[in-house]
Amino acid sequence: MKYLVATICIALAIALCAPSVAMATNLESQIESIAQQHPNVEKARCVVYNNCCLLCIKPQKISTKSNFDQMKQELQQQICQLQNFSIVVVSMSPRVMQAIDSTDGMDESQKQQFVQDLLQRALEHLSTHPLPHKFAK
């Protein structure tokens, strides 16, 4: 009887956690599709953790830093319209893109810890390169 109750509790916990994981994956795919609709984005990958979004893009046809900054602000505004994130970070670092790609094969607990660490490093980077005020709440 104890095993039956324990099995039911575990199954219930998994069933309750699964929609939030699916929602995050669905939200991540929505953000990636928004970014890929931009004419200067070749590839986009995204991770969402708590109320933070880290979007990494592979740009194309970007000639100046001011063009990249403008594209970055447009993407941040579109993402904030989709969901009210407290922080939206847009990066074009190949290392960040590779790190996000490496999360595909991880189980959920490993992925959650890895994404948390990745966002922590991105936020530490923001301390030296701050976002415009309207995106950092």
Side-chain angles (χ1 to χ4, degrees):
M1 186 67 168
K2 292 179 188 178
Y3 296 112
L4 179 63
V5 172
T7 305
I8 292 172
C9 289
I10 291 171
L12 184 60
I14 291 171
L16 291 175
C17 292
S20 65
V21 170
M23 184 178 148
T25 305
N26 187 23
L27 182 60
E28 290 170 355
S29 63
Q30 286 178 348
I31 293 170
E32 289 172 3
S33 68
I34 286 172
Q36 288 176 345
Q37 289 174 358
H38 196 281
N40 294 334
V41 175
E42 183 178 328
K43 181 180 176 184
R45 290 299 310 241
C46 174
V47 289
V48 174
Y49 181 74
N50 285 341
N51 204 17
C52 300
C53 174
L54 174 61
L55 174 67
C56 187
I57 59 172
K58 182 178 179 184
Q60 60 183 5
K61 303 176 192 168
I62 297 289
S63 57
T64 63
K65 183 174 177 355
S66 62
N67 288 348
F68 175 71
D69 290 340
Q70 180 183 2
M71 179 182 65
K72 194 167 141 178
Q73 287 182 351
E74 290 171 4
L75 289 172
Q76 287 170 333
Q77 288 173 349
Q78 290 174 348
I79 292 168
C80 284
Q81 287 174 358
L82 179 67
Q83 181 162 338
N84 192 17
F85 289 108
S86 60
I87 296 176
V88 176
V89 179
V90 178
S91 172
M92 63 176 198
S93 168
R95 286 186 178 188
V96 174
M97 181 75 75
Q98 184 179 17
I100 293 173
D101 286 339
S102 71
T103 62
D104 289 340
M106 295 181 183
D107 66 354
E108 281 306 312
S109 62
Q110 287 177 328
K111 182 177 179 178
Q112 184 178 7
Q113 183 63 41
F114 186 79
V115 168
Q116 184 178 3
D117 293 341
L118 186 63
L119 278 168
Q120 183 64 35
R121 286 187 299 221
L123 293 175
E124 288 171 2
H125 178 74
L126 281 177
S127 65
T128 58
H129 301 88
L131 290 172
H133 178 68
K134 62 182 176 181
F135 297 114
K137 296 179 182 176

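Throughout, residue positions are numbered sequentially from 1 according to the sequence presented.
Annotation: side chain of M71 is in contact with side chain of I57 (closest heavy-atom distance under 4.5 Å). For the pair L54/Y49, no side-chain contact is recorded, criterion being any heavy-atom separation below 4.5 Å from C-beta on. Looking at L27 and L82, their side chains come closer than 4.5 Å, going by heavy atoms from C-beta outward.
No donor-acceptor pair under 3.5 Å is formed between the side chain of Q78 and the backbone N or O of A35.
Across all their heavy atoms, S93 and C56 have their closest contact at O-SG, 3.2 Å. Closest approach of A99 to F114, counting heavy atoms only: O-CE2, 3.3 Å.
Taking CG of D69 as the reference point, atom CG of N67 lies at 9.0 Å (rounded to 0.5 Å). Summarising the geometry, atom CD belonging to Q30 is positioned 10.5 Å from atom CD belonging to E32; distances are rounded to the nearest 0.5 Å. Note that the CD1 atom of I87 and the SG atom of C53 stand 11.0 Å from one another [nearest 0.5 Å]. Going from atom OG1 of T103 over to atom CD of Q113 covers 13.5 Å, rounded to the nearest 0.5 Å. Atom NZ of residue K43 and atom CE of residue M92 lie 15.5 Å apart, to the nearest 0.5 angstrom. Considering OG of S91 and CD1 of I100, their distance stands at 8.0 Å, rounded to 0.5 Å.
Other residues, nucleotides and ligands contribute at most 12 non-hydrogen atoms within 6.0 Å of the CD atom of Q98.
Following chains of ILVMFWY side-chain contacts shorter than 4.5 Å, one cannot reach I79 starting from M97, and the two form parts of different hydrophobic clusters.
Between R121 and D117, none of the side-chain N atoms (NZ, or NE/NH1/NH2) sits under 4.0 Å from a carboxylate O, so this pair counts as no salt bridge.
The salt bridge (Lys or Arg N to Asp or Glu O under 4.0 Å) analysis of residues 52-64, with sequence neighbours excluded, yields the pairs E42-K58.
Paired with Q70 under the rule side chain to side chain contact (heavy atoms under 4.5 Å, CB included), one option of E74, K72, Q73 passes, and it is E74.
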